[in-house]
Amino acid sequence: MSEISFRSLILFSALFRVFLILYGEWQDAVMEVRYTDIDYFVFSDAAALMASGKSPYERSTYRYSPLIAFLLMPNSFLHQSWGKFLFSASDLLVGFFIHKILKLRGVPGKLCTYSTLAWLINPFTFTIGTRGNCEPIVCALILWILLCLMNGNLLQAAFWYGLVVHLRIYPIIYALPIILFLDPQYFQPGKNPALVNWSYRNSKSSYYSNNSKITISQSIWAFVTSIITWKRALFGLISGSTFFVLTGICFHLYGWEFLHEALLYHLTRTDPRHNFSVYFYHIYLHYEHEFSITEKLIAFLPQFTVQLVLIFSFARDLPFCFFLQTLAFVAFNKVITAQYFVWFFCLLPLILPWSKMQLKWKGLACIFLWIGAQTHWLLWGYLLEFRGKNVFVQLWVASLVFLAANTFVLVTVIGNHVYCPVFKILQHENLSKIMKDD
């Protein structure tokens, strides 16, 4: 029954996305406010340039890998909506991968379907692909990498990880937790690691909760003492080679313009326009002046520190770690736009079956607080952008409120999560031996 309902959900989601794409074409043609994302026109123009043998970077503000423009070349000779269908198909693939990952972890079919709903019927997600944003492709690749790791397909995971970092630089934050995740206690020669079943959520949750402290306290020591293993070295070699080969080919074709626009720009980006980040007002006031090393360090340290704490605490519960990392990365970033929210929305369904919140008052509080803080920010953004009001200070305060809301959600999610490593941890006697050795 659950399989039938999931297939029905996928079919309904596909038809709904087709409807939105067709509706978007109509709205673009007859209404002043366009449905299509401005980035889609950038992608399309870059793809048209590539199809004519020119550099996609002749299109100003195209700051992505040439692979994105290459995928959208059919926009020029098939139909201008080709890219929207491609991105929406990737959106559906995300839903399929979410369901697959949860089933691999032993989550009951009905709960798998309910969790997948958090992606497929989420207004933030079903509009992102139909409006022409490429983020669903990246989300699908991230989930495929998780699937490969869970199935013990290390070579595939490494290749696709190198590719996704080339496409969008932000997944580099997952490198360290993946390295920690490739623990020799799980990945032994000739054997696939054994998955922990969802049924342990209740029956053995106390066992994992009690021993999660052991895992956390040993994470840094284990990382230092056994960082060089053949599994970790192989993953690093394959993923690094994939990234550098793709980057090298693109550099050969398009030179420094590619390197700056697709990679370096995102590492040093400072956007003076208003965005959700608490740093936007300072950047706006000092945009004409070069930022000092101290200023850059102050902006980077909170983000870096939070990432390390989360990684060394939750790396073995990898989907949960990815979700926390991404939420924290976006919340503390120097530039935050609405499309960034999709980065952690694709990981949210993977942690729902292990949450004690569900839709009780804590869950509802998180949802309404996060949406309320965002709506509050959008109100001031509207007054600034469309009414020309001088509300920069109020907008900055709204950014502080939004950061506080994200932090509250982060802390609440951690406090109500049942810690559950993806793979079976050591037996009691092995844990005792390690503790004694330490």
Side-chain angles (χ1 to χ4, degrees), residues 10-11 13-97 125-141 144 159-160 162-169 242-243 245-263 265-266 339 342:
I10 288 291
L11 179 60
S13 300
L15 293 175
F16 183 58
R17 282 155 174 77
V18 171
F19 167 77
L20 287 177
I21 293 172
L22 297 177
Y23 167 79
E25 292 294 311
W26 174 82
Q27 180 173 323
D28 289 350
V30 303
M31 298 180 67
E32 182 178 358
V33 178
R34 289 181 176 271
Y35 180 82
T36 303
D37 193 323
I38 185 63
D39 281 348
Y40 188 70
F41 297 109
V42 175
F43 296 150
S44 298
D45 292 345
L49 287 168
M50 181 177 281
S52 63
K54 299 179 182 179
S55 168
Y57 300 102
E58 290 185 24
R59 183 20 166 125
S60 61
T61 72
Y62 181 75
R63 298 189 173 99
Y64 301 86
S65 166
L67 294 179
I68 300 294
F70 176 78
L71 290 174
L72 266 68
M73 284 174 61
N75 276 20
S76 303
F77 53 83
L78 283 182
H79 194 273
Q80 62 182 5
S81 295
W82 160 265
K84 293 181 181 179
F85 283 100
L86 177 65
F87 298 151
S88 296
S90 301
D91 177 6
L92 294 174
L93 196 59
V94 170
F96 176 79
F97 286 160
T125 60
F126 64 63
T127 56
I128 199 82
T130 57
R131 295 185 67 229
N133 195 286
C134 69
E135 298 302 341
I137 292 181
V138 179
C139 293
L141 287 173
W144 176 245
F159 170 78
W160 292 107
L163 173 63
V164 77
V165 173
H166 169 79
L167 285 178
R168 294 287 276 161
I169 195 66
T242 302
F243 172 81
V245 166
L246 290 173
T247 303
I249 292 172
C250 293
F251 179 75
H252 173 73
L253 293 174
Y254 304 113
W256 287 101
E257 194 173 26
F258 149 73
L259 203 61
H260 176 266
E261 297 293 341
L263 294 176
Y265 170 81
H266 297 284
Q339 72 184 57
V342 180

As an exercise, state the distance from [atom1] of [X] to [atom2] of [Y], rounded to the nearest 0.5 Å.
X    : Y    : atom1 : atom2 : answer
L67  : M50  : CG    : CE    : 7.5 Å
L92  : R17  : CG    : CZ    : 5.0 Å
L167 : L163 : CG    : CG    : 4.5 Å
Q339 : C134 : CD    : SG    : 7.0 Å
I128 : S90  : CD1   : OG    : 12.5 Å
F43  : I38  : CZ    : CD1   : 11.0 Å

- Are F85 and W82 near enough that their ring centres are under 6.0 Å apart?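 Distance test on ring centres: not under 6.0 Å, no.
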Tell me, do [X] and [Y] make a side-chain contact under 4.5 Å, heavy atoms counted?
X   : Y    : answer
P66 : L253 : no
F19 : L22  : no
P56 : Y254 : yes
S13 : F126 : no

**Request:** Mind running side chain to side chain contact (heavy atoms under 4.5 Å, CB included) on F41 and T36 for me, showing each step along the way?
**Result:** CA-CA 8 Å; F41 297 109; T36 303; 3.9 Å; yes
Testing the basics here: between [X] and [Y], what is the closest heavy-atom pair and its distance to 0.1 Å?
X    : Y   : result
L72  : G83 : CG-CA, 3.9 Å
A51  : M73 : CA-CE, 3.7 Å
R59  : D45 : NE-OD2, 2.9 Å
R34  : Q27 : C-NE2, 3.6 Å
P136 : V94 : O-CG2, 3.8 Å

Under the criterion side chain to side chain contact (heavy atoms under 4.5 Å, CB included), I'd like the reasoning laid out for L49 against Y57: C-alpha separation, chi angles, the key distance, then a yes or no. CA-CA 9 Å; L49 287 168; Y57 300 102; over 6 Å; no
* To do: If the plane angle is over 60° it's perpendicular, under 30° parallel, otherwise tilted; pick one for Y23 and W26.
  => tilted
- Query: Should K84 and T130 be marked as a side chain to side chain contact (heavy atoms under 4.5 Å, CB included) after you check the CA-CA gap, both sets of side-chain angles, and the distance that decides it?
  - Reply: CA-CA 5 Å; K84 293 181 181 179; T130 57; 5.9 Å; no
Return yes if some donor-acceptor pair links the side-chain N/O of [X] with the main-chain N/O of [Y] below 3.5 Å, else return no.
X    : Y   : answer
Y62  : A69 : yes
R131 : Y35 : yes
N133 : D39 : no

For side chain to side chain contact (heavy atoms under 4.5 Å, CB included), just list the numbers for I137 and F87, CA-CA rounded to whole Å, side-chain angles, deciding distance to a tenth of an Å, and then say yes or no.
CA-CA 6 Å; I137 292 181; F87 298 151; 3.6 Å; yes
